[in-house]
Amino acid sequence: FCAPPPHEDPDSPNARQNLSINCRSLALPASSPNTIPRNLPQQTKMKLSLPVIALVLALSTSSHAQLLDLDLTATLGATTSVTANTEATITYGLAALSATLVITTDADADVKLSAVSTVSADLPQGHSALAFGAGAGFKLEVSGGSAVSAKLTTPPLSVAAQALITSDGQVGCFRYDAAAQSYTQVDIESYSADTGSITVELPMEGTYVFAALDASVAVAVPVFVKLGEARATVAGETRSFAYQSGLQIGLKTQTDNAITVTRTESDASNPPAGKIGLGFVLDIELDKEETIEGTFEVAYDASAVAAKGIAESSLKLMFQREAGGAWEEPDSVSVDVTAKVIVATTSHFSKWTAFGDASGDGSDGPTGHDGGSGSGSDGGDANGSGSGSGSGSGSGSGAGVGVGVGVSVGEADEEQDASSSAPVRPTGSLSLALLATLSASLLLPRSF
C-alpha cells in the first residue's frame, strides 16, 4: 500500500490524485495512520468472505461425493451401486490380477460384472479362445438404468493365451448373443504385450469373450456399432456391421465412404394402403451419396407382430426415396419366420421400415369339427328292421361347421296284431353321441 504526503489530508482530492505518484514503499508500519486498509469497511470484508466459505464447502462436499463413486472395489459376480451420470471406476480382484470397469449410467443403477467360463456356440472360424485363468470372458449386467459408456480392462491373459498372440495375429473381442447363437465383433482399444491385459469399450450389456485371430483363415464377423456412430468403408471392400435392436448391414461402396444409422421408435408416416407398420424407422445415411451393394437383416419380435395384428409371413422392408414420399419395395425382400428376421438387398440407403398385412386378410378360419357317426337301432317288433349311418366334417375360411346324423327307421308290416289294440308305429333312434356333437357344432361361432 502507498501513503499520501504527510502534510495533505488523506481524503482530499489532491491527495488521492498524487497517491500513485508518491508511492515510495510497499512496506509501511502496521500502526501507520495513513494506510489505505483502514478505510475499508469491516462489513465489506465480511460480505466478501461468505461466498468464499460457501464455495469451499461446496467443493469439499462435491469432491467427497465423487470419491465415493469414482473409486470402488468389488468382487466378480457381486452387485455394485453407482450414481447417475457419474463416471465410476470399479476394481475387481487384487493388484496386477484385477479387472477394471469404468462405467457411466443414465440413472442410479446396480452394476454386476461376472466371469464367463464357456459359451455354448463355437467361435467363428479362424479364432482361438483366449483365457483369463479359468475364465473365457465377462458378462456385464446393469439394472435400474442403462450404460452410457463402459470400458473394461481385463486381468492378464494366461501364459498359454499370450503365446497365441503373435506378430501376425490379432486380438479380438466378440459379443455373444445366446438367443441367436451368434457373435458380433467389438473393436479392441488396446492390448498390452507387457501386462497381457486387453482394454475394450463395451457397447452395451451382454456377454463378451476374447480370441486370437488367424487372419489367413478367419471368416468375417460383423463389427458391433452403436446407433448414431459413423463407420468408415473402403472402396471395393465388403463391410458388415451389427447394431442394437437386431440390425445387421453389409455393404460394398465404390469409394471410401462412411455409414451412419439412427433408429426412431415411432410409426412410419404415410403408410401404404392396407399396411400396418412395425413401429420403427431406420435412417441409413452415407457421407457421400453413391450406388452401393447392400444387404441387411432386421430382427423382429413375433409377440410384438402378433400384438399389432400383423400376419408374420407378410412382413416386408420398404424404403422412402425422399422424406414424405411413397414407400417402395427394395430389389429383393423376404422374411424368415423361423429365424424371425426380414432380409433385403438394395442399391441405396435412405429411410427404411417394415410393414405387414392385417392377420385376418386371407388367413384360414378354424377347422370344422367332425360331425360324428350314427347307426340305426332295430326297427321294432312288427317284422320291420332298418339301419342307418351318418358322418360329416367341415373346414373353411372363417369358420367351419360339420354335422353328421345317423338315423334309422324300421317300418312295420302293414298288418297289425289282432290282439293289439294299438297300431304298430314306426320307431326311430338318434345316436346320443351325435346329438352331443350336433349341439356343440351349432354352438360354434360363425363368421361371414
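Side chains included, hydrogens not; waters and symmetry mates left out as well; all remaining heavy atoms used.
Residues Tyr243 and Lys226 are not in side-chain contact: their nearest non-hydrogen atoms beyond the backbone lie 4.5 Å or more apart. With contacts defined as side-chain heavy-atom distances shorter than 4.5 Å, the pair Leu213/Gln185 does not qualify. Residues Val200 and Glu189 fail the side-chain proximity criterion, which asks for heavy atoms closer than 4.5 Å. Taking 4.5 Å as the limit, some side-chain heavy atom of Val221 sits within range of a side-chain heavy atom of His127. Using a 4.5 Å cut-off on side-chain heavy atoms (C-beta onward), Leu140 and Val111 make contact. Put simply, the side chain of Asp357 reaches to within 4.5 Å of the side chain of Lys275, judged on heavy atoms. Between Val298 and Leu278, every side-chain heavy-atom pair lies at or beyond the 4.5 Å cut-off. Looking only at side-chain heavy atoms (C-beta outward), Phe349 and Val261 stay at 4.5 Å or farther from each other.
For the pair Gln162 (side chain) and Leu157 (backbone), a donor-acceptor distance under 3.5 Å is present. Although no hydrogens or angles enter the test, the distance criterion places a donor-acceptor pair under 3.5 Å between the side chain of Ser197 and the main chain of Thr154. The backbone N or O of Phe280 lies less than 3.5 Å from a partner atom in the side chain of Thr353, making a donor-acceptor pair. Counting only distance, with no hydrogens or angles, the side chain of Asp106 and the backbone of Val148 share no donor-acceptor pair below 3.5 Å. Side-chain atoms of Arg175 come within 3.5 Å of backbone atoms of Glu205 as a donor-acceptor pair (strictly under, hydrogens ignored). In terms of modelled atom types and a separation under 3.5 Å, the side chain of Thr86 and the main chain of Ala84 share a donor-acceptor contact. Side-chain N or O atoms of Glu290 include one that pairs as donor or acceptor with a backbone N or O of Gln254 at under 3.5 Å. In this structure a side-chain-to-backbone donor-acceptor pair under 3.5 Å is present from Gln244 to Leu227. Remark: the backbone N or O of Leu317 is not paired with any side-chain donor or acceptor of Trp327 at under 3.5 angstrom.
Asp108 and Thr83 share no donor-acceptor pair across their side chains, judged by distance under 3.5 Å alone. Counting only N and O atoms by type, the side chains of Thr153 and Thr199 include a donor and acceptor under 3.5 Å apart. Counted by atom type alone, Asp194 and Ser192 present zero donor-acceptor pairs between their side chains at under 3.5 Å.
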*asked:* With side-chain contact (heavy atoms from CB on, under 4.5 Å) as the criterion, how do Ile90 and Val82 come out once you've worked through the C-alpha distance, each side chain's angles and the decisive distance to 0.1 Å?
replied: CA-CA 10 Å; Ile90 309 173; Val82 298; 4.2 Å; yes
_Checking Val343 against Thr295 for the side-chain contact (heavy atoms from CB on, under 4.5 Å) test, could you report, in this order, the C-alpha distance in whole Å, the side-chain angles of both residues, the deciding distance, and whether it holds?_
CA-CA 7 Å; Val343 183; Thr295 63; 5.8 Å; no
*asked:* side-chain contact (heavy atoms from CB on, under 4.5 Å), that's the test. Do Val186 and Leu202 meet it? Break it down for me.
replied: CA-CA 8 Å; Val186 179; Leu202 305 181; 5.5 Å; no
*Take Arg239 and Arg231 through the test side-chain contact (heavy atoms from CB on, under 4.5 Å) and record every step on the way to the result.*
CA-CA 10 Å; Arg239 295 293 175 92; Arg231 276 303 175 114; over 6 Å; no
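Summarising the geometry, atom OG1 belonging to Thr91 is positioned 8.5 Å from atom CG belonging to Leu72; distances are rounded to the nearest 0.5 Å. Rounded to the nearest 0.5 angstrom, Leu251 CG and Thr238 OG1 are separated by 8.0 Å. For the atom pair CG (Asp110) and OG1 (Thr105), the distance works out to 9.5 Å, reported to the nearest 0.5 Å. Separating the CD atom in Glu201 from the NZ atom in Lys151 is a distance of 5.5 Å, to the nearest 0.5 Å. Interatomic distance, Ile342 CD1 to Phe296 CZ, rounded to the nearest 0.5 Å: 9.5 Å. Residue Glu229 holds its CD atom at 13.0 Å from OG1 of Thr262, rounded to the nearest 0.5 Å.
Scanning both residues, Asn270 and Gly325, for their nearest heavy atoms gives ND2-O, 3.3 Å. The two residues Ala121 and Gln181 come nearest to each other via the heavy atoms CB-OE1, 3.9 Å. In this structure, Pro222 and Tyr183 approach most closely via the heavy-atom pair CD-O, 4.2 Å. Shown here for Glu87 and Thr104, the closest heavy-atom pair between the two residues is CA-OG1, 3.4 Å. Listed here is the closest heavy atom pair of Val337 and Tyr300: CA-OH, 3.5 Å. Residues Lys112 and Ala78 approach most closely at CG-O, 3.6 Å, considering heavy atoms.
Among Asn257, Thr253, Asp287, Asp256, the single residue meeting the side-chain hydrogen bond (donor to acceptor under 3.5 Å, both in side chains) criterion with Thr233 is Thr253. Of the listed residues (Asp267, Val305, Ile310), just one forms a side chain to side chain contact (heavy atoms under 4.5 Å, CB included) with Ile276, and that residue is Ile310.
Counting non-hydrogen atoms of neighbouring residues, nucleotides and ligands closer than 6.0 angstrom, the CD atom of Glu237 exceeds 12 such neighbours. Counting non-hydrogen atoms of neighbouring residues, nucleotides and ligands closer than 6.0 angstrom, the NZ atom of Lys139 reaches no more than 12 such neighbours.
Annotation: Phe319 is in aromatic contact with His348 [ring centroid separation under 6.0 Å].
Taking the six-membered ring where tryptophan is involved, the planes of Phe132 and Phe210 are perpendicular, since the angle between them exceeds 60° and thus also 30°.
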